[in-house]
Amino acid sequence: MTRPVVLIAEELSPATVEVLGSEIEVRNVDGTDRAALLEAVRDADALLVRSATRVDAEVYAAAPQLKVVARAGVGLDNVDVPAATTAGVMVINAPTSNITSAAELAVALILASLRNLGRADASVKAGKWQRKQLAGVELLGKTVGVVGFGRIGQLVAERLRAFGVNLLAYDPYVNHARAAELGARVVELDELMRESDVVTVHMPKTPETTGLIGAEQLALAKPSLHVVNAARGGLIDEEALFEALSSDRIAGAALDVYSSEPPAASETAKRLLDLDSVTLTPHLGASTAEAQEKAGVAVAKSVRLALAGELVPDAVNVAGGAIDDEVRPGVALADRLGQLFTVIAGESPELLDIEVHGEIASRDVTALKLSALRGVFRSVVTEQVSYVNAPVLAEERGITVQLVTDETSERFRNVVSLRGTLRNGEVVTVSGTLSGVDQEHKLIEVLGHALDVPLSDHLLIIRYEDGPGLIGTYGMRLGDAGINIAGMQVSRAGSARGAEALVVLDLDESVDREFAEELGATIDARSIHAVDLVY
């Protein structure tokens, strides 16, 4: 019997190859040599890469036998997942391989900032002996605010407890019971910024979290505050951070990630290089021997499972799964509705109903439930969300998830809806359908407002009290900003003037959170959400 061929395109540890086993034929190629890669992948069953090899539609087209692409690491920036799904290729990664390394680096950066370790090292190497000038502060008894209380944030909290700190946590999706177990008090962001001596950030980067800590938040801080970012560049507004540090508004910062990397390539980030109060490292979060080893071993195990036709916990798409042909087109729709739900809800629901109405409800629609959950958590956690770990993430946050099916549907042939009940009793709903021969994603309901608009990549959803001239006002503001409106629909809760209106704007490009908030303020909007959807 012919052994399956696994092509390794970048250097991986000997342990990775060992895990693959003797029943698999292992070949090697330089993944950065495009011609060599396309030639070598022709008869490969699996392709293992790290970050340097670009895996796109051209690679899939050149590899008719390819069943799985494995990225030995956390991110998937170099792997075209939608093209893989179209080609029927499973994509896997190692979502938890670096979480310990990332948490330990955050703790190290906290200590380095409080004790001026970077400056001290440079000073001694320059022949100086500046003990008085480089005196620091103890961590004992300080208040540490953890912004983002997912797996890495919790690991940081666990390690910091040994230092005798007071812990605060901010995370709209946090499980309060779990936070209490770790000795952390859950608070709003403003309170965390006011009370903390150290703030460490551990959130994914989304339109909602970009610039989460900016001038307004830093203005609330103690002069003794140190801020740390070992998560994603841009979560802390670097311009605001520079102003706060250079004016002694806060005491120090330690950064491992930047809005542009390396920071010297950005005029904003570059200014931080000249500040003595900043400790900088070159994106070292996953750069440990252990993290790299774990990543290689984890994906090797997953590749073996995939080639054997078994369940792969770290699969990030559903290629190769036993999904009914009538259900499969709705998988991407459910994922995008999940993403939209999270943006509009702004926090974890206590109860989430995933409803499937229409003809497909008679089929096995479990894949739609898993896909919706994956969409819900895409922007909530820092690790990659799979169809296997998404239910676990819901359980960890105390969310009760129900799949509801009904073979009747009034307006459309098939409908997928997400209905979530928040902690305050508010109910958030979004619904979508597939339209036409091309199975176009349509958004047909948001917060009880009936719609029929494309569920496109860039949306702006605004709720406001209807009145004359408002459409012109926000249309002009978008035009002045050079943002084109490709389409729009307004839904009104009643016929009378002053009724609540909800508008969905289909935009050619995304808008940032700050602009959206300013736009909402101009029309006294009840809510405004900038939404960027992926699949």
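In what follows, residues are counted from 1 in the order of the sequence shown. Below, each value reflects all heavy atoms present in this structure, side chains not excepted, and no hydrogens, waters or symmetry copies.
- Note that CG of Leu478 and CG of Leu505 are 6.5 Å apart. Values are rounded to the nearest 0.5 Å.
- Ser259 places no side-chain N or O within 3.5 Å of a backbone atom of Gly234 that could act as its donor or acceptor partner.
- Between the side chains of Ser435 and Glu440, no donor-acceptor pair is found at a separation under 3.5 Å.
- Look at Arg178 and Glu395 and you find no salt bridge, because none of the NZ, NE, NH1 or NH2 atoms lies under 4.0 Å from a carboxylate O.
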Where do Val59 and Leu38 land on the side chain to side chain contact (heavy atoms under 4.5 Å, CB included) test, with the steps shown first? CA-CA 6 Å; Val59 173; Leu38 294 175; 4.0 Å; yes
From CA spacing to verdict: side chain to side chain contact (heavy atoms under 4.5 Å, CB included), Leu352, Val376: CA-CA 10 Å; Leu352 178 63; Val376 165; 4.3 Å; yes
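- Here the closest heavy-atom approach between residue Leu48 and residue Leu12 is recorded as CD2-CD1, 3.8 Å.
- Between Ile461 and Leu340 there is a side-chain heavy-atom pair separated by less than 4.5 Å.
- In this structure, Asp335 contributes its side chain and Gly338 its backbone to no donor-acceptor pair below 3.5 Å.
- You'll find the side chain of Val401 reaches within 4.5 Å of the side chain of Lys369, heavy atoms only.
- Contact record, Ala269 with Glu238: CB-OE1, 3.4 Å, taken as the closest heavy-atom pair.
- Checking Ser51 against Asn78 by side-chain atom types alone, no donor-acceptor pair falls below 3.5 Å.
- Sparse packing is recorded around CD of Glu514, with 12 or fewer heavy atoms of other residues, nucleotides or ligands lying under 6.0 Å away.
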Side chain to side chain contact (heavy atoms under 4.5 Å, CB included) between Leu105 and Leu109, worked out: CA-CA 6 Å; Leu105 180 64; Leu109 288 175; 4.1 Å; yes
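- Taking the side chain to side chain donor-acceptor pair (under 3.5 Å) definition, one finds that Lys67 meets it with Asp45, sequence neighbours left out.
- Under the 4.5 Å side-chain criterion, counting only non-hydrogen atoms from C-beta, Glu509 is not in contact with Val511.
- Looking at Leu255 and Leu272, their side chains come closer than 4.5 Å, going by heavy atoms from C-beta outward.
- Counting only heavy atoms from C-beta outward, the side chains of His357 and Asn414 never approach each other to under 4.5 Å.
- Of the possible polar contacts, none joining the Arg42 side chain to the Ala63 backbone as a donor-acceptor pair under 3.5 Å is found.
- In this structure, the side chain of Asn484 does not engage the main chain of Asp508 through any donor-acceptor pair within 3.5 Å.
- Here CG of Asn229 is found 12.0 Å from CE of Met203. Values are rounded to the nearest 0.5 Å.
- Using a 3.5 Å distance cut-off with no hydrogens or angles, the side chains of Thr429 and Arg419 do not pair a donor with an acceptor.
- Crowding of Arg413 atom CZ: a count of heavy atoms from other residues, nucleotides or ligands under 6.0 Å not exceeding 12.
- Heavy atoms from other residues, nucleotides or ligands lying under 6.0 Å from NZ of Lys294 number more than 12.
- We find that Asp457 and Arg336 are joined by a salt bridge, their nearest charged nitrogen and carboxylate oxygen being less than 4.0 Å apart.
- Within 6.0 Å of CD on Glu18 lie no more than 12 heavy atoms contributed by other residues, nucleotides or ligands.
- At a threshold of 4.0 Å, the pair Glu517-Arg513 counts as salt-bridged, since one of the basic side-chain nitrogens sits closer than that to a carboxylate oxygen.
- A donor-acceptor pair under 3.5 Å links the side-chain atoms of Asp171 to the main chain of Tyr173, judged by distance alone.
- With rounding to the nearest 0.5 angstrom, the OG1 atom of Thr433 is 7.0 Å from the CG atom of Leu333.
- Salt bridge annotation for Glu23-Arg3: absent, with no cationic side-chain nitrogen under 4.0 angstrom from a carboxylate oxygen.
- A donor atom on one side chain and an acceptor atom on the other are not found under 3.5 Å apart for His458 and Ser456.
- With 3.5 Å as the limit, one finds a donor-acceptor pair spanning the side chains of Ser101 and Thr288.
- Here Ile92 contributes atom CD1 and Ser302 contributes atom OG; the two are 4.5 Å apart, rounded to the nearest 0.5 Å.
- Between the side chains of Thr421 and Glu426, not a single donor N or O lies within less than 3.5 Å of an accepting N or O.
- Closest heavy-atom contact between Asn93 and Val74: ND2-O, 2.6 Å.
- Side chains of Leu182 and Gln154 form a contact here, defined as non-hydrogen atoms less than 4.5 Å apart.
- Judged purely by atom type and a 3.5 angstrom limit, Thr209 uses its side chain to pair as donor or acceptor with the backbone of Pro204.
- Side-chain atoms of Ser13 and Glu293 include a donor-acceptor pair closer than 3.5 Å.
- Taking CD1 from Ile485 and CG from Leu460, the interatomic distance works out to 8.5 Å, rounded to the nearest 0.5 Å.
- Of all heavy-atom pairs spanning Leu370 and Ala390, the tightest one is O-CB, 4.4 Å.
- Note that OG1 of Thr16 and NZ of Lys301 are 10.5 Å apart. Values are rounded to the nearest 0.5 Å.
- Taking all atoms of both residues into account, the shortest heavy-atom contact from Gly73 to Ala295 is N-CB, 3.8 Å.
- Arg27 has a carboxylate O that lies under 4.0 Å from a charged side-chain N of Asp43, or vice versa, which qualifies the two as a salt bridge.
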Steps toward side-chain hydrogen bond (donor to acceptor under 3.5 Å, both in side chains) verdict (Ser431, Ser417): CA-CA 4 Å; Ser431 302; Ser417 299; 2.6 Å; yes
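- Thr281 places no side-chain N or O within 3.5 Å of a backbone atom of His283 that could act as its donor or acceptor partner.
- Taking every heavy atom of both residues into account, Val381 and Arg397 meet most closely at CG1-NH2, 3.2 Å.
- Arg159 contributes a side-chain N or O that, together with a main-chain N or O of Leu155, makes up a donor-acceptor pair within less than 3.5 Å.
- A donor-acceptor pair is defined here as one N or O able to donate and one able to accept, closer than 3.5 Å; such a pair exists between the side chain of Arg374 and the backbone of Val316.
- Between Lys205 and Leu235, the closest side-chain pair of non-hydrogen atoms falls below 4.5 Å.
- Not one N or O on the side chain of Gln292 forms a donor-acceptor pair closer than 3.5 Å with the backbone of Asn98.
- Legend: salt bridge (charged side-chain N to carboxylate O under 4.0 Å, His left out) pairs involving residues 48-63, not counting sequence neighbours, sorted by first then second residue: Arg34-Asp56, Arg34-Glu58, Arg54-Asp56.
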For Val446 and Ile344, what are the C-alpha separation, side-chain angles and deciding distance, and is it a side chain to side chain contact (heavy atoms under 4.5 Å, CB included)? CA-CA 9 Å; Val446 173; Ile344 293 176; 3.6 Å; yes
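- Just one of Leu418, Ile399, Thr400, Val428 meets the side chain to side chain contact (heavy atoms under 4.5 Å, CB included) condition when paired with Pro349; it is Ile399.
- By the 4.5 Å heavy-atom criterion applied to side chains, Thr210 and Asp512 are not counted as neighbours.
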